[in-house]
Amino acid sequence: MKRILVTGAAGQLGSELVPALRGRYGNENVVAAWRSSPLTGEVADTGPATQVDVTEPGSVDRAIRDYGIDSLYHLGSLLSVAAEANRSLSHLVNINGLLNVLEAASGAGLERVVIPSSIAAFGLDTPHDNTPNETLQRPTSLYGIAKVFGELMGNYFFERTGLDVRGVRLPGVVSWKVEPGGGTTDYAVDAFYGAIREGRYTCYLRPGTYLPMMYVPDAIKALIEIAEADIANLKRHADYNVNSMSFEPEELAAAIRRRVPGFAMDYDIDPLRQYIADSWPNSLDDTVARQEWGWRPDYGLADMVDDMYENLSRKLAQ
Ligand code: SER
């Protein structure tokens with residue numbers, strides 16, 4: 001991994017993964033790819049950036065060729081709620097775009113491709129507590145269907161073309177640098193903005209809705225560690241469960257109240273997001289990732305809330 005292309009570099013994960021990779025592999029060696037609006041801030045200022053439209057066959061090939069890319073992180077995608085709002089665009093980006101990336105990577109003989117999967121790859125029929133790595137999936141959201149497509153295509157490309165495709169099933173990610181957009185788990189980020197700005201937040205999921213969640217430094221760590229793991233230890237490809245914490249809205253509110261006394265959470269349930277959340281696991285069993293490549297998260301709920309509160313308060317005060 002000497003020259004890395006990251007699609008979706010402007011997003012919630014990309015904006016944190018690109019600086020982390022630049023710190024590791026050198027600023028010039030990590031190319032940040034954007035699709036609709038040019039990058040700004042840290043990601044734009046610290047290294048190369050280029051426009052890549054994954055829905056257009058040829059666009060990824062060009063970036064690989066122009067920048068001498070040997071490895072790729074494909075983060076560009078429409079999150080769960082955004083995908084339901086535009087089925088054909090979600091098909092173009094989340095399914096055709098993924099296939100274009102894999103074809104381009106395989107055609108150019110790339111060393112490695114990392115594609116994050118998600119808790120969305122599971123469905124209503126999946127055991128919800130401590131969901132095992134290997135289980136019935138059958139997702140009911142378009143985003144989840146595309147994630148299963150990615151997991152299966154990762155296996156397919158590995159077996160049929162030798163392309164080394166890897167990935168983890170990420171929980172909902174909590175972060176402060178760039179806000180997520182169009183996801184079901186976004187409430188856990190929005191609650192901090194509400195708490196710091198107004199001391200209150202109206203949650204669109206019901207109390208008692210448990211979901212696996214992860215603080216962004218752990219998500220970035222998982223993406224880098226799976227990419228760098230010794231292949232001799234890996235028995236799977238793009239579908240490793242990674243877990244760190246699990247909470248429901250009332251528990252998050254109580255944890256935030258330690259930093260914002262009097263913080264009030266009330267509820268106005270959004271049926272679509274509730275339906276999607278109810279189909280996802282409550283918590284993940286990540287034994288396989290722990291055994292095969294040494295996965296261990298650093299943050300639990302209390303540490304995450306402290307760090308989130310401090311960083312977001314500083315950002316919003318600027
Ligand atoms: N955070 C994503 C979403 O809510 C799940 O992977 O769509």
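Predicted model, so just to flag it, every value in this text is computed and none were measured. Both ligands and their constituent atoms are indexed starting at 1 by order of listing. Quick note: residue numbers are just sequence positions, from 1.
Atoms of ligand 1 found under 4.0 Å from any heavy atom of Tyr143, numbered from 1 in the order shown, are 5 (C), 6 (O), 7 (O).
Geometrically, ligand 1 and Asp186 share no nitrogen or oxygen pair separated by less than 3.5 Å. The distance criterion of under 3.5 Å between nitrogen or oxygen atoms is met by Thr184 with respect to ligand 1.
Ala195 meets the side-chain contact (heavy atoms from CB on, under 4.5 Å) test with Ile256, Val260, Phe263; sequence neighbours excluded.
The nearest protein atom to atom 1 (N) of ligand 1, hydrogens excluded, is given as Thr185 OG1, 2.8 Å; this is a heavy-atom distance. In terms of protein heavy-atom proximity, atom 6 (O) of ligand 1 is closest to Ser118 OG, 2.7 Å.
Contact annotation: for Trp280 versus ligand 1, heavy atoms closer than 4.0 Å belong to the side chain alone. Within the 4.0 Å heavy-atom criterion, both parts of Ser80, backbone and side chain, lie near ligand 1.
Electrostatic pairing of Arg206 and Glu248 does not count as a salt bridge here, judged by no charged N lying under 4.0 Å from a carboxylate O.
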- Walk me through it: do Glu56 and Arg62 pass the test salt bridge (charged side-chain N to carboxylate O under 4.0 Å, His left out)? CA-CA 11 Å; Glu56 187 208 310; Arg62 271 194 299 280; 2.9 Å; yes
Begin from the C-alpha positions of Arg166 and Asp164 and carry the test salt bridge (charged side-chain N to carboxylate O under 4.0 Å, His left out) through to its verdict. CA-CA 7 Å; Arg166 303 180 182 192; Asp164 184 355; 2.9 Å; yes
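Side-chain contact check for Asn311 and Asp307: at least one donor-acceptor pair (N or O, by modelled atom type) lies under 3.5 Å.
The closest side-chain heavy-atom distance from Thr185 to Trp280 is below 4.5 Å.
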